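All values reported here derive from a predicted model rather than from experimental measurement.
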Amino acid sequence: MNNKSIRVAAVQFHVGTDVGENLSTVLRMLDQAAEVRPDLVVLPEFCNHLSWYDGQEHCAEVSVTLDGDFLQAVAAKARSLEIYVVVNCTVRREDGTITGSSLMYSPEGELIADNTKQIYIGHENDFLEPAKEPGPVVETPLGRFGLYSCMDGVINEPPRTLALRGAQVLCNSLNSFASDEGSLHVPVRAPENHVFIVAANKVGPLVPEAILVPVSEATGIPQKFLHGAGESQIVAPDGTVLACASLDREEVIYADIQPAQADDKRRPDGTDIFASRRPDLYQSIGENPNAQTYPEWSGADSMEAAVINLTADGRDGLREAADSARKAIEAGAQLVAVPPLMGAAAIAADLPAALDFSGEVIETLRLCCSEESYISTALPMRCEDGQDRYCAVVIGAGGVVFSQGQVHRSARFEWSAPVDRFDNIVLPFGRLAAVTSDDSLYPETFRLLAMAGVDTAVVSLEPLGAWELRAGLLERSAENRINLLVGAIASPLGAGFATALQRDFTVLTPWQERAFDGLLSQPELYRVADQQPILEVTLYPAAAENKEVSRNTDLVVNRPWNLCGPITAD
């Protein structure tokens with residue numbers, strides 16, 4: 001491994017409606033960034049002009065060309081400072097189209113990467129053309145870099161494809177008001193792909209200041225949420241945030257990183273998270289949604305659920321789980337998530353004994369269920385085909401009503417024979433999936449579930465990394481609009497949680513139940529508190545039908561399916 005260390009910086013600032021003034025800001029901030037002696041500087045999205053246009057002619061007028069003064073000045077600055085620069089602008093192309101594109105300039109001032117945005121949000125779709133080809137992964141003496149911007153990071157596919165093609169450092173330029181960008185969408189892309197992230201967002205108004213008040217009044221969005229949300233950041237492959245900027249100030253942040261660390265895709269148990277992917281099962285992700293049939297939604301408007309918090313495992317844990325599950329069901333819970341009662345190490349040490357104990361778990365939890373309630377957990381099972389598998393199960397009053405074997409191979413469950421599909425079950429409250437611990441690592445898992453019409457998923461989790469509980473599973477819920485129950489084995493890495501989809505969701509549409517809170521797609525989050533035996537929560541299965549985060553931007557249907565080749569390639 002090449003352990004060469006480089007210094008990367010992210011810069012956040014305000015961009016207004018005067019293109020010349022914005023160029024001056026860009027050049028000034030590059031000079032300011034140069035004071036920390038970086039090798040690479042990443043700038044925000046739409047550096048040339050606010051993403052706000054009077055019409056197509058106005059958009060064209062304020063956009064830049066590759067050989068025009070704006071970008072040539074940026075290239076000259078990169079050359080004079082001897083640094084790599086990533087700048088994002090609306091670019092007027094030779095064929096007359098306009099794209100939102102991230103551009104990388106070398107220390108020699110040469111354009112070495114040009115990556116157009118794949119999925120636009122809201123009104124951006126009215127003016128800008130999406131990418132027709134995958135963006136480049138550029139090899140430099142510093143490492144391998146990939147570029148993407150804003151909405152491309154709110155879903156998993158664009159960063160995922162860059163990482164699968166070998167990028168070690170992903171540069172994300174943002175133009176975002178959303179508070180869940182900095183807390184969720186930006187940092188999660190690092191550990192889920194084991195890469196570095198360098199992300200630069202804006203501060204200040206994202207609409208012309210002269211119309212800030214009337215836009216706020218017309219949309220019902222408080223003025224503070226019409227400003228860039230800041231929190232530019234640099235994230236390591238394990239999810240550690242190495243540097244993070246403020247919410248509202250012009251700022252330069254930096255960190256020293258070793259890009260080659262991103263080449264190691266192993267989890268703590270030795271599982272290579274790229275080598276263990278199942279592209280053969282992901283084919284529908286790369287198919288045209290218009291040619292696909294999606295199940296009709298039939299989820300209940302609401303349902304009562306619970307997550308059990310355990311302080312023990314084995315038989316002591318089973319007694320504790322049964323007591324808490326029974327109480328939750330008596331209080332009205334229709335679905336209860338129970339953490340695994342056997343850890344991976346204990347199962348591997350004595351698989352026959354673990355299989356015997358599984359029968360006891362199923363019978364004990366079955367007796368806790370009513371005719372209208374179900375419990376989900378994970379355990380080893382000997383399946384009908386004679387294979388031993390680690391399974392996520394749903395248990396009802398009559399026993400196991402659904403079983404999902406582990407799909408992706410993992411080192412700690414190496415004894416488990418993988419299955420070749422993700423299934424789901426329709427229950428009175430909606431369409432439910434149950435996911436094993438190590439299958440939950442893969443963004444493709446939940447994308448397939450969303451495409452299959454799943455509105456609620458349960459994960460009985462034995463985490464190996466804090467990021468799984470902090471951001472990983474939360475993002476799976478957010479980017480797919482799926483309610484989620486996570487029953488986690490108690491550990492210093494974190495506790496279980498639940499996510500409930502908001503019924504008021506699409507930005508710039510009338511909301512009835514809540515005021516706009518600055519979240520783009522993160523659902524309501526409820527975490528198990530210390531010593532809390534039962535987390536009770538109301539979920540909204542029917543809310544999963546609406547996946548349109550803003551006009552013309554559906555989180556699932558508008559995925560860049562035609563650019564997902566690296567995800568589906570063997």
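You'll find the side chain of Leu441 reaches within 4.5 Å of the side chain of Trp467, heavy atoms only. When side chains are defined from C-beta on, Leu484 counts as touching Val459, because their heavy atoms get closer than 4.5 Å. Contact check for Pro428 versus Glu372: no side-chain heavy atoms found under the 4.5 Å cut-off. You'll find the side chain of Met151 stays beyond 4.5 Å of the side chain of Ser550, heavy atoms only. Leu448 is listed as a side-chain neighbour of Ser284, based on a closest heavy-atom distance under 4.5 Å. A heavy-atom distance below 4.5 Å is not found between the side chains of Val361 and Val393. For the pair Leu184/Leu474, a side-chain contact is recorded, criterion being any heavy-atom separation below 4.5 Å from C-beta on. Counting only heavy atoms from C-beta outward, the side chains of Arg551 and Leu508 never approach each other to under 4.5 Å.
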Arg315/Glu360 under side-chain contact (heavy atoms from CB on, under 4.5 Å): CA gap, chis, key distance, verdict:
CA-CA 9 Å; Arg315 285 182 170 81; Glu360 186 177 340; 2.9 Å; yes
Worked verdict on Ile119 versus Tyr148 for side-chain contact (heavy atoms from CB on, under 4.5 Å):
CA-CA 10 Å; Ile119 176 171; Tyr148 66 99; over 6 Å; no
Residues Arg366, Glu363; criterion salt bridge (charged side-chain N to carboxylate O under 4.0 Å, His left out); working and verdict:
CA-CA 5 Å; Arg366 179 188 73 80; Glu363 178 61 15; 2.7 Å; yes
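Here the closest heavy-atom approach between residue Arg409 and residue Thr271 is recorded as O-CG2, 3.8 Å. Annotation for Ala262 and Val195: closest pair CB-CA, 3.9 Å, computed over non-hydrogen atoms. Nearest heavy-atom pair across Thr456 and Leu335 is CG2-CD2, 4.2 Å.
Leu461 contributes atom CG, which lies 8.0 Å from atom CZ of Phe497 (distance to the nearest 0.5 angstrom). For the atom pair CH2 of Trp561 and OG1 of Thr568, the computed distance is 11.5 Å after rounding to the nearest 0.5 Å.
Counted by atom type alone, Glu304 and Thr538 present one or more donor-acceptor pairs between their side chains at under 3.5 Å. Of the N and O atoms on the side chains of Tyr442 and Ser276, at least one donor lies less than 3.5 Å from an acceptor on the other residue. A donor-acceptor pair shorter than 3.5 Å can be found between the side chains of Thr311 and Glu320. Using modelled atom types, one finds a donor on one side chain and an acceptor on the other under 3.5 Å when comparing Asn546 with Thr506. A donor atom on one side chain and an acceptor atom on the other are found under 3.5 Å apart for Ser373 and Ser370. Side-chain contact, His194 with Asp264: no donor N or O sits under 3.5 Å from an acceptor N or O.
For the pair Glu475 and Arg189, the salt-bridge criterion is met [side-chain N within less than 4.0 Å of a carboxylate O]. Ion pairing between Asp272 and Arg266 fails under the 4.0 Å rule for side-chain N and carboxylate O.
A cation-pi arrangement is absent between Arg277 and Tyr282, since the terminal nitrogen or guanidinium carbon is not both under 6.0 Å from the aromatic centre and inside a 45° cone about the axis.
Screening Glu181, Glu45, His185 for a side chain to side chain donor-acceptor pair (under 3.5 Å) involving Ser176 leaves a single residue, Glu181.
Using modelled atom types, one side-chain atom of Arg514 and one backbone atom of Asp504 make a donor-acceptor pair closer than 3.5 Å. Put simply, the side chain of Arg559 gets close to the backbone of Ile285: a donor and an acceptor are under 3.5 Å apart.
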